[in-house]
Each structure stands twice: as structure tokens, then as C-alpha cells.
Amino acid sequence: MRKLPGGIRHLPDYFDRAEQQALVDAIRLVVAEAPLFVPRMPKTGKPMSVRMTNCGPLGWVTDKERGYRYQPHHPETGNPWPAIPERLLALWRDVAEYEKPPQACLVNFYTDAAKMGLHQDKDEQEFQAPVVSVSLGDTCLFRVGGQERSDPTMSFKLNSGDVVVLGGQGRLAYHGVDRIYPATSTLLKNGGRINLTLRRVTP
DNA sequence: AAGTCGCG
DNA sequence: CCGG
């Protein structure tokens, strides 16, 4: 059996179907208020293959000029991000083992061809808090390694309703999404995958 | 490089 | 050519 690197927890089927549907409904409201945008790589301006938005007091954004960062407003509308849905705050209280609530919930939309290269979540000031991730919709192949890019990696599938926690030694683990398996879920009427990532930005 | 390409 |  697969052995996950230290500090990485995979909680399969954390959310049942009804809860998944309720989360999708909540995210639709978020997207209506904070439209999806195309994130761009620092300096080159190359677009990433996912579309994204955020909820919470802070949101993760990136563009050619200013690069990766957290900010309290939507990059295109200038409006503050909508609130994080209560069910996600409850998830954090359940699994994070961290006193304060998450400040950012990044919402990533993956189409069939979308990927996410291996990277670390290191734009936060607080690494004591874990990163908590929720998968909704189509199954993906998730890849995780260690704290150095050259560390060995392993991969496993994430299904709709699964939760992954990157905490402790796993907090700065390299991770990414190698591929989406199209039409493996009926949760999203237009297909694809939604990933929700909860993070604490400041201590 | 949260991408892309090269290698096996 | 495709996947790790």
C-alpha cells in the first residue's frame, strides 16, 4: 500500500453527496459575486490552465506585473472577496488543529485539459497552520513530494468529496495536479473539477 | 515557474 | 508517443 509523505493526510469521502452539492451551490454564489479570472505567471504573463477566484478576507492572486500575493480585493472588480461558506469553516475546525480561522479560500476550476505543476504553497506568513484542500467533481491525479523539488514524489487519485491536509512536515511539500479524468463525476453539470484550498495567511 | 520541455 |  502507498505510504504518504509525513504530514500529508488524505481523508477519502469526507463529504457525502448532499454536502458536496451544498458546497457547489455555495461556490456558485461566490463565483457570481467574484467572477473567475485567469491567473498569470509572474514576469512572463503566461496564463495558467485553471481559472480561479477566492472567498475570505484575503485571496491569492497572481499577474505578470506583481506576481504571487494575497490581497483583500478581487483583481478585476476591486470588490472585497465574499465570505467563506460556513461548512468550510467547520471543516477547518474539524481537521486543522489551529486556533484561528482560515483567511483565504482559493477556488480553482479545472477543465479536462487543466493541470497544476509541482509547487509549494509558500506565499503565507504562517506555516504552523495547515493547508486544507477539498475536491469536487471529476477525479484528478494528485502528486505530492517533499520539501525539496528534487525529493521523490508519489501520486494518487482524489475523488469528489475527498479532503487533503498538508500540515506539520507536509505543510511545505511540493504538490500538483497531473491530470483530470473527464466525466468521472456527475456532481458538476458542465463537468470539470473544483478545488477549494483553505489557508491561514498571517499568524 | 502554480509552466514548459526533455528524457526514458 | 506518453507518463512520471
Side-chain angles (χ1 to χ4, degrees), chain A residues 1-5 7-8 10 27 30-31 34-56 58-71 74-76 81 102-127 129-159 162-167 170-184 192-201:
Chain A
M1 272 303 282
R2 65 199 173 80
K3 165 72 174 168
L4 272 55
I8 315 277
H10 179 200
I27 294 307
V30 167
V31 171
L36 294 170
F37 60 92
V38 176
R40 290 179 179 272
M41 301 295 291
K43 299 183 195 161
T44 65
K46 285 189 181 175
M48 295 171 55
S49 58
V50 297
R51 294 193 301 159
M52 62 177 54
T53 188
N54 291 268
C55 48
L58 292 172
W60 188 87
V61 301
T62 175
D63 57 32
K64 177 176 179 173
E65 295 75 21
R66 299 180 61 195
Y68 305 155
R69 65 197 186 273
Y70 284 92
Q71 63 180 41
H74 190 285
E76 293 172 1
W81 305 105
Q103 290 166 302
C105 175
L106 177 59
V107 178
N108 283 325
F109 274 72
Y110 291 78
T111 56
D112 290 358
K115 297 176 202 143
M116 182 75 73
L118 261 198
H119 68 281
Q120 290 173 300
D121 289 11
K122 59 177 181 188
D123 300 314
E124 302 75 28
Q125 300 167 30
E126 174 59 289
F127 296 134
V131 169
V132 177
S133 146
V134 180
S135 293
L136 297 169
D138 285 339
T139 298
C140 77
L141 186 61
F142 181 73
R143 175 172 212 86
V144 60
Q147 301 188 8
E148 312 248 345
R149 185 174 279 276
S150 56
D151 287 343
T153 62
M154 64 166 297
S155 54
F156 55 95
K157 288 179 178 180
L158 292 179
N159 297 307
D162 289 6
V163 166
V164 173
V165 182
L166 305 181
R171 173 62 180 75
L172 288 170
Y174 275 87
H175 60 283
V177 173
D178 283 347
R179 72 163 298 189
I180 303 295
Y181 298 97
T184 45
R193 171 175 185 263
I194 298 174
N195 181 253
L196 309 174
T197 310
L198 299 164
R199 304 190 185 96
R200 181 75 198 182
V201 180

Whole-Å distance separating the [atom1] atom of [X] from the [atom2] atom of [N]:
X: A:Phe37; N: B:dA2; atom1: CZ; atom2: P; value: 16 Å
X: A:Asp123; N: B:dA1; atom1: CG; atom2: C1'; value: 12 Å
X: A:Asp178; N: B:dA2; atom1: CG; atom2: P; value: 14 Å
X: A:His175; N: B:dA2; atom1: NE2; atom2: P; value: 10 Å
X: A:Tyr181; N: C:dC2; atom1: OH; atom2: C1'; value: 13 Å
X: A:Met154; N: C:dG3; atom1: CE; atom2: P; value: 18 Å
X: A:Asp121; N: B:dA2; atom1: CG; atom2: P; value: 10 Å

Return the set of residues passing side chain to side chain contact (heavy atoms under 4.5 Å, CB included) with A:Glu65 (not counting sequence neighbours), or none when no residue passes.
A:Asp63
Sorted by chain and number, sequence neighbours left out, side chain to side chain contact (heavy atoms under 4.5 Å, CB included) with A:Thr44 holds for A:Met41, A:Lys46
Suppose you measure atom P in B:dT4 against the same atom in B:dG8; what distance do you get, rounded to whole Å?
23 Å
Check the geometry between A:Tyr68 and B:dA1 and answer yes if their rings are stacked (centres below 5.5 Å, planes below 30°), otherwise no.
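The ring of A:Tyr68 is not stacked on B:dA1.
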Identify all pairs in which a protein N or O lies below 3.5 Å from an N or O of nucleotides 3-8 of chain B, and state each distance.
| from | atom 1 | to | atom 2 | distance (Å) |
| --- | --- | --- | --- | --- |
| B:dG3 | OP2 | A:Gly117 | N | 2.5 |

Any residue meeting ring pair (Phe, Tyr, Trp, His ring centres under 6.0 Å) with A:Phe142, in chain and number order, not counting sequence neighbours
A:Phe156
Going by distance alone, is a donor N or O of one side chain under 3.5 Å from an acceptor N or O of the other, for A:Arg193 and A:Ser135?
yes
Would you say the side chains of A:Glu124 and A:Tyr70 form a donor-acceptor pair under 3.5 Å?
yes
Secondary-structure string, 5' to 3', Watson-Crick or G-U under 3.5 Å, | for another-strand partners, for DNA chain B:
......||
Give a yes or no on whether A:Arg66 atom CZ has more than 12 heavy-atom contacts from other residues, nucleotides or ligands under 6.0 Å away.
no
Please report the interatomic distance CZ(A:Phe37) to CE(A:Met48), rounded to the nearest 0.5 Å.
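Rounded to the nearest 0.5 Å, the CZ-CE separation comes to 9.5 Å.
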Contact class for A:Asn195 vs. all strands (heavy atom < 4.0 Å): base, sugar-phosphate, or nothing?
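No contact.
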Using the rule side-chain hydrogen bond (donor to acceptor under 3.5 Å, both in side chains), only one of A:Asp162, A:Asp121, A:Asn108, A:Asn195 pairs with A:Ser133; which is it?
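Running side-chain hydrogen bond (donor to acceptor under 3.5 Å, both in side chains) over A:Asp162, A:Asp121, A:Asn108, A:Asn195 with A:Ser133 returns exactly one hit, A:Asn195.
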Could you pull out all residues at least two apart from A:Asn159 that satisfy side chain to side chain donor-acceptor pair (under 3.5 Å)?
A:Thr139
